[in-house]
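When a ligand or atom number is given, it counts from 1 through the structure's own listing order.
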Amino acid sequence: LGNVSHELKTPIFNIQGYILTLLEGALEDKEINRKYLLRTEKSVERMISIVEDLESISHLETNVEKIKFEQFDVVATCGAVLDALEDKAKKNAVSIIFDKEYAPIFVQADEQKISQVLTNLLVNSIKYGNQNGISKVRFFDMNDVVLVEVSDDGIGIQEPHLARLCERFYRVDDSRSREKGGTGLGLSIVKHIIESHQQTLNIRSTVGVGSTFSFTLKKEE
Ligand code: ADP
């Protein structure tokens with residue numbers, strides 16, 4: 001609770017500051033009134049992201065949304081996520097691609113939640129990627145499971161942080177995360193979803209070289 005109130009306090013006080021400045025006269029100043037309203041909007045967006053991520057965690061923890069096992073083609077699901085993130089990737093000068101063309105791979109999992117996992121991992125690879133970097137998605141067939149791997153050639157993560165990365169609100173670099181609109185909750189949601197599928201999430205990283213996040217999914221029988 002302490003972390004949550006701390007995280008929400010920053011945008012709330014920012015919004016209050018902008019509104020007070022507008023009330024104290026900036027509202028009539030055409031040069032800056034729009035700037036302050038845009039900043040207010042950014043802080044509101046930040047609060048919405050935090051609350052939405054908290055809601056996802058709370059739903060996962062209280063089992064409100066049970067994992068719905070269904071059969072689907074994980075390659076197609078991933079393709080849809082890549083398409084949805086294309087603009088965001090372009091804006092950050094990062095390419096997100098499959099390493100090669102894949103035939104359909106059918107898995108038994110919750111499609112909407114796996115889509116969220118792929119989105120969170122790919123958004124991170126964009127946020128923590130380098131200019132003109134490439135993020136790749138790979139699939140490895142391992143008999144009864146498929147290994148899904150999201151790797152980037154970005155800033156990387158120092159070894160001591162790896163064990164704590166999936167803790168709520170844990171960030172390696174606070175300012176970079178906030179500047180990029182991160183809530184500090186993305187990876188804890190990813191880990192939760194993968195573990196509720198009785199699978200595991202693996203993280204490997206080398207500073208300056210890049211990071212690889214991988215998880216397994218049960219293949220359709
Ligand atoms: P955030 O919203 O801060 O991105 P996450 O839970 O998604 O929160 O990630 C936690 C932290 O892990 C991030 O703040 C960042 O420091 C680090 N991180 C996550 N993904 C990557 C990546 N692909 N490359 C480098 N660092 C990463």
How far is atom 11 (C) of ligand 1 from its nearest protein heavy atom, and which residue and atom is that?
Tyr170 O, 3.7 Å
Any idea which atoms of ligand 1 are less than 4.0 Å away from a heavy-atom of Gly184?
1 (P), 2 (O), 3 (O), 6 (O), 8 (O)
So is Gly154 touching ligand 1 or not, going by heavy atoms under 4.0 Å?
no
For atom 19 (C) of ligand 1, the option (of Ile155, Asn124, Ile203) bearing the nearest heavy atom:
Asn124
Any side-chain donor-acceptor pair under 3.5 Å between Gln199 and Thr216?
yes
Heavy-atom nearest neighbour in the protein, as seen from atom 3 (O) of ligand 1, with distance rounded to 0.1 Å:
Ser177 OG, 2.5 Å
Contact atoms of ligand 1, heavy-atom distance to Gly186 under 4.0 Å
5 (P), 6 (O), 7 (O)
So is there a nitrogen or oxygen of Phe213 less than 3.5 Å from a nitrogen or oxygen in ligand 1?
no
Which segment of Val190 sits under 4.0 Å of ligand 1 when only heavy atoms are counted:
neither
Do Asn202 and Ser214 pair up side chain to side chain, a donor and an acceptor below 3.5 Å, judged on atom types alone?
no
For residues 69-81, tabulate all N or O donor-acceptor pairs below 3.5 Å that involve a side-chain atom, not counting sequence neighbours.
from	atom 1	to	atom 2	distance (Å)
Glu70	OE2	Glu111	N	2.9
Asp73	OD1	Val75	N	3.0
Asp73	OD1	Ile105	N	3.0
Thr77	OG1	Asp73	O	3.1
Thr77	OG1	Glu111	OE2	2.8

Taking only non-hydrogen atoms of Lys127 and a 4.0 Å limit, the atoms of ligand 1 in range are 1 (P), 2 (O), 4 (O)
Show me which atoms of ligand 1 lie under 4.0 Å from any heavy atom of Thr183.
2 (O)
Residues two or more places apart in sequence or in another chain: which of them pass side chain to side chain donor-acceptor pair (under 3.5 Å) with Asn3?
none
Taking only heavy atoms of Arg171 into account, list the atoms of ligand 1 that are under 4.0 Å away from them.
3 (O), 14 (O)
Looking only at protein heavy atoms, which one is nearest to atom 12 (O) of ligand 1, and what is the separation?
Leu165 CD1, 3.4 Å
Measure the distance from atom 15 (C) of ligand 1 to every protein heavy atom, then report the residue, atom name and distance (to 0.1 Å) of the closest one.
Tyr128 CZ, 3.6 Å
For Ile157, which part has a heavy atom under 4.0 Å from ligand 1: side chain, backbone, both, or neither?
side chain
Considering both backbone and side-chain atoms of Ser188, is one of its nitrogen or oxygen atoms within less than 3.5 Å of a nitrogen or oxygen in ligand 1?
no
